[in-house]
Structure formats: C-alpha cells, structure tokens
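Computation of the quantities below employed the complete heavy-atom set of this structure, encompassing side-chain atoms and omitting hydrogens, waters and symmetry-equivalent molecules. Computed from a predicted model, the values in this text were never measured in an experiment.
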Amino acid sequence: MISYLKGELAAVEEEKAVIDVGGVGYGVFMPQQALSLLPQPGNEVKIHTYLNVREDAMQLFGFLTRDDLEIFKLVIGVSGIGPKGGLNILSCMSPDELRFAIMSGDAKAISAAPGIGKKTAEKMIVELRDKVDIEEMLDHAAHGDEAEARGLEASDSDMQTEAVQALVALGYGSAESMRAVKKTSADCITVEDILKEALKYLF
C-alpha cells in the first residue's frame, strides 16, 4: 500500500499530476479542485494516495489532505461507486460540502457530479449518513488549515453552520449554501451578517 508520495511535482495534466519520487514519475489521478491548488512544477509536494488495483491496471488516486482521502474511501465504499466516480464527486464539492449534503439528504447536489445518478446519490446518503457527523465537520472548519489561516474559532464555525442550515430551510441546496457562506468575510460577527452576505452570492 502506498500511503503517500513526497517528491517534486513534474507536471499537471488534465486529470492527474505527475510526481517525481527518486527519479520515478508517478501518475496520480486527482480531483479538479486539488489539481488547481497544486504549486508550479518543480516544487515539492506531498500527496496522500489510494492505490486501486484492477485486473488490467494499477491506478493511484491522490489528495492534498488526509481528510480528503478519508472521505474518498467512504464514498467508494458505497456499492456502485468506483474510484473515478468518487473522484468526480470530490471534483464538484469539497469534503465538508459532501458531508453536509449527506447529512441534509441533498441528493441533487451529489448527483450533479458526472456519472452519479439520483438513485446512486440517494443510496450514498442512506449508507453514509451514520458515518459522518456535524461535529467532525465543525472541527475541520474550526481547526483546518483554511480556517486557521482566516483565524476562525469554533464559535465562528457554529454561526456558519447555523447560516447554512437557515439557507437550506429557505430552499437553497446544501452545497451551494455552504459555498456561499464560506465566501463571507471575517467581518461578519452574527448569523444575520453571514446570511445577508451569503445571499448576495446566491442571487
């Protein structure tokens, strides 16, 4: 099992990155969001990987964080969803957006991923609802790298979650609500402030 690769980013292609580790170039399939966040070729990177072994091929799937890798493993554990399907889902939504979609039963947001139908999305929600929880999502939001860079505290993530839930109650999809709330500025100090700013991104 290859848990991660650490080496020089040799190239970024349409669906994968090529990582040079000790003179060997590893082709690693990655979500589009992750590919867009990679540095310029020539820089060192660390990619958390999942090795998929088939009769006709061995494929590496890679992620920037262990959190991304863990949610990927949960997704491909659902019957009917293979690694490419899991990659498509995580190319359309972040791990937290996917968690919220699962918890809120938003099959529409999940089925927006290429190759994922409504029935498959509904099946994923049923099978994974008990395996993800709001506390885990809040912990990532409050203590993750992105949140840390913005100086978010746990109370801020509580307000953001409340704002997302309010937007969902208004009829917006969970994934689009979370994206809008994440775009709000650190100047928002109340749930109402977050809602007002988030609604501007939804109109």
Side-chain angles (χ1 to χ4, degrees), residues 30-37 48 63-75 77-78 81 86-114 116 118 120-203:
M30 299 180 69
Q32 289 300 318
Q33 289 185 5
L35 286 172
S36 68
L37 294 173
H48 299 272
F63 306 89
L64 298 179
T65 68
R66 185 172 294 280
D67 176 43
D68 291 11
L69 175 60
E70 292 307 315
I71 195 73
F72 173 76
K73 288 180 179 179
L74 283 179
V75 169
V78 177
I81 301 180
L87 207 65
N88 286 341
I89 292 172
L90 290 173
S91 288
C92 294
M93 51 202 324
S94 71
D96 280 348
E97 288 171 345
L98 179 56
R99 286 190 184 94
F100 199 90
I102 291 169
M103 289 185 292
S104 62
D106 191 350
K108 183 179 178 181
I110 298 171
S111 62
I116 305 298
K118 184 180 178 182
T120 301
E122 291 173 344
K123 185 176 184 180
M124 181 192 301
I125 290 169
V126 171
E127 292 190 20
L128 299 185
R129 183 170 277 162
D130 292 337
K131 296 182 180 180
V132 298
D133 58 69
I134 193 70
E135 293 301 325
E136 183 180 17
M137 189 173 72
L138 286 174
D139 184 62
H140 292 144
H143 304 294
D145 293 339
E146 180 183 346
E148 186 176 343
R150 291 178 54 194
L152 288 179
E153 301 292 341
S155 58
D156 295 315
S157 66
D158 288 343
M159 289 193 299
Q160 288 187 340
T161 300
E162 188 175 337
V164 170
Q165 292 171 338
L167 291 170
V168 170
L170 290 173
Y172 294 100
S174 61
E176 64 177 343
S177 296
M178 182 168 285
R179 277 194 289 267
V181 167
K182 282 188 174 183
K183 289 179 181 177
T184 58
S185 69
D187 295 332
C188 297
I189 58 174
T190 66
V191 174
E192 289 74 18
D193 290 340
I194 296 173
L195 281 172
K196 287 178 182 177
E197 193 167 321
L199 283 169
K200 294 178 183 177
Y201 296 109
L202 290 168
F203 285 141

To the closest 0.5 Å, what do you measure between [atom1] ([X]) and [atom2] ([Y])?
X	Y	atom1	atom2	result
L98	I102	CG	CD1	4.0 Å
M30	L64	CE	CG	4.5 Å
C92	L87	SG	CG	10.0 Å
M93	F100	CE	CZ	11.0 Å
I81	T120	CD1	OG1	6.0 Å
D67	D96	CG	CG	6.5 Å

(request) Output, in order, the C-alpha distance, side-chain angles, deciding distance and verdict of side-chain contact (heavy atoms from CB on, under 4.5 Å) for I194 and Q160. (result) CA-CA 7 Å; I194 296 173; Q160 288 187 340; 4.2 Å; yes
Hey, does [Y] have a side-chain heavy atom less than 4.5 Å from the side chain of [X]?
X	Y	result
I71	R99	yes
K182	S94	yes
L90	D68	no
L35	Q32	yes

(Q) For P31, run the side chain to side chain contact (heavy atoms under 4.5 Å, CB included) check against S36, P95, S91 and tell me which one passes. (A)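 The residue from S36, P95, S91 that satisfies side chain to side chain contact (heavy atoms under 4.5 Å, CB included) with P31 turns out to be S91.
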Any donor-acceptor pair under 3.5 Å linking the side chain of [X] with the backbone of [Y]?
X	Y	result
S111	K118	no
E122	A107	no
N88	A113	no

Worked verdict on L199 versus L167 for side-chain contact (heavy atoms from CB on, under 4.5 Å)
CA-CA 8 Å; L199 283 169; L167 291 170; 3.7 Å; yes
State, to 0.1 Å, how close [X] and [Y] come at their nearest heavy-atom pair, and which atoms those are.
X	Y	result
H48	R66	CD2-N, 3.7 Å
A166	L195	CB-CD2, 4.0 Å
R129	M103	NE-O, 3.9 Å
V75	G86	CG1-CA, 3.9 Å

Taking everything shown except L37 itself, do over 12 heavy atoms lie less than 6.0 Å from its CG? yes
